[in-house]
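Taking it in order: structure first as structure tokens, then the write-up.
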Amino acid sequence: MAQEADGIRLEQRHGKARVRVGRVWRHAHDGSHHFVEWNVSISLLSHCLSSYRLDDNSDIVATDTIKNTVYVRAKECGDRLSVEEFAILIGKHFCSFYPQVFTAIVNIIEKPWERVSIDGKPHLHGFKLGSENHTTEARVEKSGALNLTSGIGGLALLKTTQSGFERFVRDKYTILPETRERMLATEVNASWRYSYESVASIPTKGLYFSEKFMDVKKVLMDTFFGPPETGVYSPSVQRTLYLMGSAVLKRFADVSSIHLKMPNIHFLPVNLSTKENPSMVKFKDDVYLPTDEPHGSIEATLSRITSKL
Ligand SMILES: O=c1[nH]c(=O)c2[nH]c(=O)[nH]c2[nH]1
């Protein structure tokens, strides 16, 4: 909400960024521990105009207080909960505890700590760091209105065949040969919006969003790779991205849109030659030069079209 005074329009927010918290839940009945590590960023939209216009801080919730609240609420969560539920809980707190706060935007990155198995047996309290993050953003309004997204960050995927790129625009600047045989590598960043429009309407089933995160990741990966023995042919990153996004929309009724960012990370064919040895290394779909710069940048948002009938 913009606030106006002295002919100046002001839009402002404040909060605390990158509050790091680890939380262990110890289950006495079986000795198992559960662990999460969260990096929490909170932005408050609040009526505190006089702190900008005057030297009057009486409406400011100190960012130090905002930080402390994360630890207090983490402590109070006696039962395991999903990162989404924690984000909503924090957002609700700021909107209801402070009259001047009308919106709270809570972003959390969950690190992928995974339980280890030793000799095939899940360890009760041992974890190792996996590779892709679980992210969420909860935007909570004083009215109880909610905007919730979840995401995956840094899901690196690669397949060594079943990818090609043909029949693209050819002009005087084009040198890329057409191919039906290449590597396909990307680092998927996905975020999807849930259709729940109020904090009261989210599913009450424990760890619902944690499960959903795993399910969405599986659908994205299954679609990227295809069946284990045959794979599935990708005619372009664009086509594969579309199939991945539409599979998620088709499968999950409570996902209303998904944004996918899938850089095309190039593995260049290696050919080395000298005058004396023209085929020192002749590329036969075997030796590649991995590169990260430059990379193709391909991203799209797919949304469910809701009938206005
Ligand atoms: O899948 C691809 N999409 C492109 O848009 C593109 N552009 C390019 O040079 N190679 C590729 N590959």
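What you are looking at is a predicted structure, and each value in this text was computed from that prediction instead of being measured.
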Inset, instruction - Is it possible for you to say whether Leu243 and Val219 belong to one hydrophobic cluster, with membership spreading through side-chain heavy-atom contacts below 4.5 Å? - result: no

Inset, instruction - With side chain to side chain donor-acceptor pair (under 3.5 Å) as the test, would you mind laying out the steps for His266 and Glu293 before giving the verdict? - result: CA-CA 8 Å; His266 305 303; Glu293 289 179 349; over 6 Å; no

Legend entry - Glu187 and His295: side chain donor to acceptor below 3.5 Å: no

Legend entry - Where Asn189 and Gly153 come nearest, the two heavy atoms and their spacing: OD1-CA, 3.1 Å

Inset, instruction - Give a yes or no on whether the backbone of Arg20 and the side-chain of Asn39 come within a donor-acceptor separation of less than 3.5 Å. - result: no

Inset, instruction - Measure from the side-chain N and O atoms of Arg139 to the backbone N and O of Ile105, and report whether any donor-acceptor pair falls under 3.5 Å. - result: no

Inset, instruction - Test side chain to side chain donor-acceptor pair (under 3.5 Å) on His93 and Arg73 and set out the steps. - result: CA-CA 9 Å; His93 167 84; Arg73 297 322 304 256; 3.1 Å; yes

Inset, instruction - Please name the pair of heavy atoms, one in Thr136 and one in Ser150, separated by the smallest distance, quoted to 0.1 Å. - result: OG1-OG, 3.9 Å

Inset, instruction - Could you check Asn107 against Glu137 for side chain to side chain donor-acceptor pair (under 3.5 Å), going step by step and ending with a plain yes or no? - result: CA-CA 4 Å; Asn107 277 277; Glu137 180 179 292; 3.2 Å; yes

Legend entry - Residues, nucleotides or ligands: over 12 heavy atoms within 6.0 Å of Lys261 NZ: no

Legend entry - Hydrophobic cluster identity match, Met244 and Phe252, side-chain contacts under 4.5 Å: yes

Inset, instruction - For the pair Lys142 (side chain) and Val101 (backbone), establish whether a donor and an acceptor sit closer than 3.5 Å, ignoring hydrogens and angles. - result: yes

Legend entry - Whether over 12 other heavy atoms sit under 6.0 Å from Asp79 CG: no

Legend entry - Ring-face cation contact, Tyr233 with Arg180, 6.0 Å cut, 45° max: yes

Inset, instruction - Without swapping roles, check the side chain of Ser236 against the backbone of Arg239 for a donor-acceptor pair under 3.5 Å. - result: yes

Inset, instruction - Could you please spell out the steps behind the salt bridge (charged side-chain N to carboxylate O under 4.0 Å, His left out) verdict for Lys212 and Asp254? - result: CA-CA 10 Å; Lys212 196 59 78 138; Asp254 58 356; 3.2 Å; yes

Inset, instruction - Any chance you could lay out the salt bridge (charged side-chain N to carboxylate O under 4.0 Å, His left out) test for Glu211 and Lys205, step after step, and finish with the verdict? - result: CA-CA 10 Å; Glu211 237 171 67; Lys205 183 171 175 281; 3.2 Å; yes

Inset, instruction - Would you check if the side chain of Trp25 reaches a backbone N or O of Ser32 as a donor-acceptor pair within less than 3.5 Å? - result: no

Legend entry - Whether over 12 other heavy atoms sit under 6.0 Å from Arg9 CZ: no

Legend entry - Polar side-chain atom of Lys159 near backbone of Val232 as donor-acceptor pair, under 3.5 Å: yes

Inset, instruction - Taking atom CG of Asp55 as the centre, report whether more than 12 heavy atoms of other residues, nucleotides or ligands fall under 6.0 Å from it. - result: no

Inset, instruction - Can you see which heavy atom on Cys48 is nearest to which on Ile60, and at what distance? - result: CB-CG1, 4.4 Å

Legend entry - Phe267, CZ atom: more than 12 neighbouring heavy atoms under 6.0 Å: yes

Inset, instruction - Determine whether the aromatic ring centres of His33 and His27 lie less than 6.0 Å apart. - result: no

Inset, instruction - Keeping the roles fixed (side chain from Asp171, backbone from Tyr173), state whether a donor-acceptor pair exists under 3.5 Å. - result: yes

Inset, instruction - Take Thr161 and Glu181 through the side chain to side chain donor-acceptor pair (under 3.5 Å) test and state the conclusion after the steps. - result: CA-CA 6 Å; Thr161 188; Glu181 182 58 59; 2.8 Å; yes

Inset, instruction - Quick one: name the residues clustered hydrophobically with Phe127, using the 4.5 Å side-chain heavy-atom rule over I, L, V, M, F, W, Y, and just say none if it's on its own. - result: Val24, Phe35, Trp113, Leu129

Inset, instruction - Return yes when atom CD of Glu197 has more than 12 non-hydrogen atoms of other residues, nucleotides or ligands closer than 6.0 Å, and no otherwise. - result: no

Inset, instruction - Kindly state whether the ring of Phe97 and the ring of Phe94 have centres lying under 6.0 angstrom apart. - result: no

Legend entry - Residue Met280 excluded, over 12 heavy atoms near CE under 6.0 Å: yes

